Amino acid sequence: MRFLDYAKLAFRNLTRRKLRTFLTVSAVVIGAIAVTTLISIGQNVSLSFTDMINNMGILNMVTVSPDQDSEGGGMLNTGGGDTTGGKKIDDATIATVKKMNHVVDATPTVNLWFESMELKEGSKKIRSNIMAIDSDSKAFPLDVIAGRPMMKGDMGKIVIGNGNLRALGYADKPAEIVGKKILLNTKGWYSGWGADVPKPPQDRDDSWWKEQEKRKQQIEIEVVGVAASSGDDWQDYTSLEWARAVQSRREWQDNKEKREAWEEAQRSRSYNGEYSQSKMPDFMELVTTDEMAKAGYGAIIIKADDSKNTEVIAAEVKKLGYGASTAKEMIDEILRLIKILTNILAAIGGVSLIVAAIGIINTMAMAIFERRKEIGVMRACGATRATVRRLFTFESALIGFLGGALGLAAAYGAALVGDWAAGKFGSLASVPIKTFVYFPYWLAFGVIGFTTIIGLLAGLYPALKAAKLSPVEALRQN
Amino acid sequence: MIELKGVTRTYHLGGETISALDNVDLIIKDGDFIAIMGPSGSGKSTLANIIGGLDTPDSGEVLVDNESISKVSDNVLSFYRNKKIGFIFQTFNLQAGYTALENVMIPLVFSKMPAGQRRTRAIECLRAVGLEDRMNHKPDQLSGGQRQRVCIARALANNPSIIIADEPTGNLDSKRGEEIVALLKELNKKAGISLIVITHDPDVARQADRTIRIHDGKIS
């Protein structure tokens with residue numbers, strides 16, 4: 001028998017029992033839809049994620065952290081200048097890093113932590129996550145979609161990120177937020193830029209200090225620009241110079257020299273008999289400490305000439321005793337997780353295909369039981385056992401094939417509807433899926449091939465039974 | 001020429017051993033018209049099945065044109081059935097839902113005849129049984145006699161040298177039965193096809209060149 005004859009005969013036999021075929025194929029269709037949709041979603045997430053990463057342009061970035069052990073911290077975990085552990089990152093480090101092979105540029109970063117921030121004109125309090133970068137550096141070029149970019153020496157100015165732009169309700173009108181005043185709510189003990197550091201009264205006691213501890217302040221800054229969607233969406237940006245000022249600690253300290261000089265003068269006056277019990281003046285002075293110089297930068301972002309070379313740079317950096325992580329590591333890890341998730345989803349879809357396979361076995365076993373006489377006639381007319389086996393296997397494979405093809409078509413249709421709905425309700429902004437319609441060739445062929453093979457395997461046992469049937473036995477049936 | 005030498009075939013039915021054929025020797029010459037008679041369960045169908053290659057003997061040998069078919073592979077035996085044998089059944093065994101033409105084409109499909117030639121050959125066979133004007137009818141649109149003619153046309157499809165008919169007139173009234181026997185005889189005489197007919201009907205047997213009587217698996 002020729003292939004085309006098998007196909008024709010199998011198709012004909014299937015159409016002979018329309019309802020049963022329809023029901024059996026439906027089970028495969030459902031399985032195919034499940035598998036296709038779930039894999040497609042997994043692929044979408046994976047692709048959208050990769051796209052997002054590419055748009056962020058961080059593929060050729062290397063992040064240097066002070067702590068060699070915290071390399072898993074991930075990209076853009078740029079630290080807050082906390083150097084309780086690890087090696088201090090200072091200007092010398094940056095100079096060294098910039099001289100490394102494949103390094104295009106590097107910028108130190110410092111994260112500034114405030115409790116929250118809000119518009120001065122009134123708004124809800126939103127998360128504040130400000131990162132200071134070297135605005136002249138090519139390592140982290142910050143484009144703006146409104147206002148102006150950061151500039152060296154900017155004090156009390158931020159370029160707001162898209163996350164906070166949305167949170168403040170300016171998503172559609174980025175230009176309008178430029179120039180707005182923002183209040184940063186500090187933690188207690190804040191004494192950096194813009195803080196009001198009251199001079200301790202002479203009759204200060206513990207309660208005064210306690211009050212200072214609790215006293216939170218608001219410092220006023222200005223939005224000068226809106227960052228183009230890149231990097232961490234929830235990040236706002238500012239200049240290193242301002243970060244240094246913010247992190248500076250200012251405190252009133254007793255000027256010991258002056259006090260001692262005064263005491264000396266008092267003593268000599270007393271010695272000279274000029275007894276006058278004058279009150280001791282206050283020798284408290286406001287002293288500024290550059291904490292950033294002491295603690296070092298939070299991290300360094302390095303831009304490599306090519307994403308291929310990030311690993312090389314990371315290795316170099318690690319030799320210096322710092323931690324280094326590339327976006328690639330993190331992306332690979334996330335993609336791996338997405339892949340595992342996709343596989344789990346596919347397996348869940350696969351369960352429905354197993355159920356469909358049982359349906360096929362049942363249908364074929366029934367068909368063969370009913371068609372024993374027909375099998376006998378075919379054998380009498382010269383069909384070999386192999387022909388009978390192939391014919392029934394072909395028939396069940398065809399059930400799988402039809403189910404797969406229809407399921408794929410249905411899933412494609414559903415995806416189109418999904419896209420339309422998503423477009424209509426515009427809720428995709430927060431979902432990292434651009435489109436539900438992602439059916440690469442391998443998925444289409446894979447699904448149809450897979451269901452066909454399942455059909456074939458499911459039909460194998462009944463077909464073998466049919467082939468084994470003795471023609472005399474088969475013909476004897478009434 | 002068909003030659004059976006000491007052919008024995010036993011069946012096991014529920015622990016009981018039934019001897020369907022017991023050491024049968026038989027020679028059927030080319031172009032013979034043989035009637036096989038005997039009571040139910042005597043082994044006449046088994047004899048026909050073994051000659052037709054649907055069944056194989058437990059012992060003994062079956063030679064057709066000097067070639068043994070008793071211990072050959074399924075492929076060889078199937079090829080033999082396809083090319084040399086035409087089966088005609090009491091209940092016609094036509095494929096419901098297939099037209100007369102399509103039914104006749106079934107053996108041609110198994111003989112791998114190119115699709116284009118099948119139709120021509122099937123029409124020829126239907127013409128030979130006088131049914132060319134009914135070739136697009138399905139079995140349920142045909143009378144009993146017509147159905148048996150389709151069955152004969154199907155048996156003729158691959159130009160067999162032997163036609164084996166198991167009670168070909170059993171489901172037909174006597175007039176249609178006579179017509180069918182006349183048709184088979186015509187094929188036997190004109191085309192020289194050996195004809196082996198299992199029958200209960202003495203009128204049919206009378207027309208044969210030779211009648212073989214079987215009783216308890218033995219030719220008497």
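Because the structure is a prediction, the values reported are computed rather than measured. The sequence lines fix the lettering, A, B, ..., with proteins before strands; numbering per chain opens at 1.
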Check: More than 12 foreign heavy atoms under 6.0 Å from CG of B:Asn136: is that the case here?
Finding: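 Buried by this count: over 12 neighbours within 6.0 Å.
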Margin query: When you compare the side chain of A:Val25 with that of A:Leu14, does any pair of heavy atoms fall below 4.5 Å?
Written below: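 No, side chains not in contact.
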Check: With a 4.5 Å limit on heavy-atom distance, are the side chains of B:Phe87 and B:Asn93 in contact?
Finding: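 Sidechains of B:Asn93 and B:Phe87: no contact.
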Margin query: Can you classify the ring geometry of A:Phe394 versus A:Tyr6 as parallel (below 30°), tilted (30 to 60°) or perpendicular (above 60°)?
Written below: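 Judged by the thresholds at 30° and 60°, the geometry between A:Phe394 and A:Tyr6 is parallel.
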Notebook entry, point to check: Looking at B:Gly97, B:Ser73, B:Pro114, which makes the most heavy-atom pairs under 4.5 Å with chain A?
Noted result: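 Highest number of heavy-atom pairs under 4.5 Å: B:Pro114.
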Check: So which of B:Asp74, B:Leu54, B:Ile164 has the biggest tally of heavy-atom pairs under 4.5 Å with chain A?
Finding: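 Most heavy-atom pairs within the cutoff with chain A belong to B:Asp74.
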Note to self: Regarding B:Asp55 and B:Thr46, do their side chains bring together a donor and an acceptor under 3.5 Å, going by distance alone?
What the structure shows: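 Distance-only check fails for B:Asp55 and B:Thr46.
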Checklist line | Donor + acceptor pair across side chains of B:Ser78, B:Arg81 (<3.5 Å) | finding: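 Result is yes, a qualifying pair exists.
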Under 4.5 Å from a heavy atom of chain B, the part of [X] involved:
X        : value
A:Thr387 : side chain
A:Arg371 : neither
A:Arg16  : side chain

Can you tell me which portion of [X] sits under 4.5 Å from chain A's heavy atoms? Options are side chain, backbone, both or neither.
X        : value
B:Ala157 : neither
B:Tyr80  : neither
B:Gln90  : neither
B:Asn49  : side chain

Next item on the list: Mark yes or no for whether B:Gln146, through its side chain, and B:Leu131, through its backbone, hold a donor-acceptor pair below 3.5 Å.
Entry: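 No; judged by distance alone, with no hydrogens or angles, the pair does not exist.
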